[in-house]
Amino acid sequence: MRSVLSFLWKIYLIFIAGPLFIVATFITAVLTIITTAIGGKRFWGYWPAHIWSRLVCFLACVRVEVRNRDLIDKNESYVFVCNHQGAFDIWAIFGYLNHNFRWLMKKSLEKIIFVGYACRRSGHIFVDHSSLQSIKTTIEDARDQLKGGMSLVIFPEGTRSADGSLGSFKRGAFMLAGEFGLPVVPLSIQGAYEIMPKDAKFPRPGKIILTIHEPIRSETGSYNTRELLSQCYDIIKGDLEPEIKGNLEPAALEDSEKD
């Protein structure tokens, strides 16, 4: 019986959900490119993708529960840092965080047809580690965006988890937070790995829990990067189920600061 249901699920994904996903993605990208060129980048750079992300979760039979939404103010800017279990992390955050933000993205993602250009037009920030000047440009791009409730979302692990466990954090997200003096909000995601592991071809129905944690604020407007990284890591790790917490020792965190 299970094999029959699995077969029917794949048929649904290939012939119904898949084509609808491709069409919705194309429409969202084109709509975003056109509308942000006309004006209203803050609105059009977020809402089409917000609706698209909810549609993707609906098509994949993925439910998203958001906890502690009352801890953040829609009119305040934050740097959100989140663990990265799988592809559905992106749609869960875009569709259900309900806070206008921009991603800090790998430069390579800009090459995705239509989507990459739409992200550029929307104001998402691409990271280029090739030179010091490129990093300075990234900081200036982010500084221009983070005003009046516009926030930034970063995956400090840098890539999706290979086995669902929490990997080491890179220090870039926390250096940016120090540059801007913004409150840092840890986000923890559970369930995305079970829905679609890194090497999976098809998603599975399931539930994602997105937990918003208490914003970390600096009275002086600056942060100790090492302490902030460790604090966020401990908060996110503490919220995950025991089997996916990861097993990094403090030395692993220290090593991540050297990357």
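- Between Arg63 and Glu65, none of the side-chain N atoms (NZ, or NE/NH1/NH2) sits under 4.0 Å from a carboxylate O, so this pair counts as no salt bridge.
- By the 4.5 Å heavy-atom criterion applied to side chains, Phe155 and Ile93 are counted as neighbours.
- Side-chain contact check for His99 versus Val153: every heavy-atom pair is 4.5 Å or farther apart.
- Proximity of Arg204 to Pro197: side-chain heavy atoms (C-beta onward) are separated by under 4.5 Å at one or more points.
- Of all heavy-atom pairs between Cys119 and Met105, the closest is SG-CE, 3.8 Å.
- What you find for Phe126 and Leu109 is that their closest heavy atoms are CE2-C, 4.1 Å.
- A distance-only check finds no donor-acceptor pair linking the side chain of Ser6 to the backbone of Arg2 [under 3.5 Å].
- Side chain of Gln190 to main chain of Asp239: a donor-acceptor pair is present (N/O by atom type, distance under 3.5 Å, no hydrogens or angles).
- Residues satisfying the side chain to side chain donor-acceptor pair (under 3.5 Å) criterion with Tyr96, sequence neighbours excluded, are absent altogether.
- Under the 3.5 Å distance criterion, the side-chain polar atoms of Lys106 are matched with a main-chain donor or acceptor of Gly158.
- Lys170 contributes atom NZ, which lies 10.0 Å from atom OG1 of Thr159 (distance to the nearest 0.5 angstrom).
- Rounded to the nearest 0.5 Å, atoms CD1 (Ile72) and OG (Ser77) are 11.5 Å apart.
- With hydrogens and angles ignored, the 3.5 Å screen pairs no side-chain donor or acceptor of Asn68 with any backbone N or O of His213.
- Summarising the geometry, atom CD1 belonging to Ile154 is positioned 14.5 Å from atom CZ belonging to Arg102; distances are rounded to the nearest 0.5 Å.
- The two atoms that bring Gly95 and Asn98 nearest to each other are O-OD1, 3.7 Å, heavy atoms only.
- Shown here is Phe58, whose CZ atom has no more than 12 heavy atoms of other residues, nucleotides or ligands within 6.0 Å.
- With hydrogens and angles disregarded, a donor-acceptor distance shorter than 3.5 Å links the side chain of Asn100 to the backbone of Arg42.
- Under a hydrophobic clustering in which Ile, Leu, Val, Met, Phe, Trp and Tyr are joined whenever their side-chain heavy atoms come within less than 4.5 Å, directly or via other members, Ile33 and Ile113 fall into different clusters.
- The hydrophobic cluster containing Leu13 also contains Val4, counting ILVMFWY residues as joined when their side-chain heavy atoms lie under 4.5 angstrom apart, directly or transitively.
- Contact of the Trp52 side chain with the Ile27 side chain is not registered, since no non-hydrogen atoms from C-beta on lie closer than 4.5 Å.
- The distance from the CG atom of Leu187 to the CD1 atom of Ile236 is 7.0 Å, given to the nearest 0.5 Å.
- By the rule that hydrophobic residues join a cluster once side-chain heavy atoms approach within less than 4.5 Å of another member, Ile235 and Leu166 end up as members of one cluster.
- Counting only distance, with no hydrogens or angles, the side chain of Trp9 and the backbone of Pro203 share a donor-acceptor pair below 3.5 Å.
- Contact annotation: the side chain of Leu59 approaches that of Tyr12 to within less than 4.5 Å [non-hydrogen atoms, C-beta and beyond].
- Taking both residues in full, the closest heavy atoms of Ala118 and Thr32 are given as O-CG2, 3.9 Å, listed atom of the first, atom of the second, then distance.
- Considering CZ of Arg171 and CG of Leu229, their distance stands at 10.0 Å, rounded to 0.5 Å.
- Met196 CE to Lys201 NZ: the interatomic distance, rounded to the nearest 0.5 Å, is 11.0 Å.
- There is a path of hydrophobic side-chain contacts, each under 4.5 Å, that joins Phe88 to Val66.
- When the side chains of ILVMFWY residues are joined at heavy-atom separations under 4.5 Å, either directly or via intervening members, Trp91 and Val23 end up in two distinct hydrophobic clusters.
- In this structure, Phe80 and Tyr78 have tilted ring planes: the angle between them lies in the 30° to 60° band.
- The backbone N or O of Glu227 lies less than 3.5 Å from a partner atom in the side chain of Asn224, making a donor-acceptor pair.
- The number of heavy-atom neighbours closer than 6.0 Å to CG of Asp199, taken from other residues, nucleotides and ligands shown, is 12 or below.
- Annotation for Leu71 and Glu214: closest pair CD2-OE1, 3.5 Å, computed over non-hydrogen atoms.
- Residue Val64 comes nearest to Cys57 through the heavy atom pair CG2-SG, 4.2 Å, listed as atom of the first residue, atom of the second, then distance.
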### Task
Applying side-chain contact (heavy atoms from CB on, under 4.5 Å), run through Cys82 and Ile189 and close with a yes or a no.
CA-CA 7 Å; Cys82 184; Ile189 282 186; 3.7 Å; yes
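- Not a single donor-acceptor pair under 3.5 Å links the side chain of Ser230 to the backbone N or O of Arg226.
- Looking only at distances, a side-chain donor or acceptor of His50 sits under 3.5 Å from a matching main-chain atom of Phe94.
- Under the salt bridge (Lys or Arg N to Asp or Glu O under 4.0 Å) criterion, Arg54 pairs with no residue, sequence neighbours left out.
- In this structure, Tyr223 has its ring center no closer than 6.0 Å to that of Phe174.
- Taking 4.5 Å as the limit, some side-chain heavy atom of Leu97 sits within range of a side-chain heavy atom of Ile212.
- Taking a 6.0 Å sphere around OH of Tyr117, one finds it holds 12 or fewer heavy atoms contributed by other residues, nucleotides or ligands.
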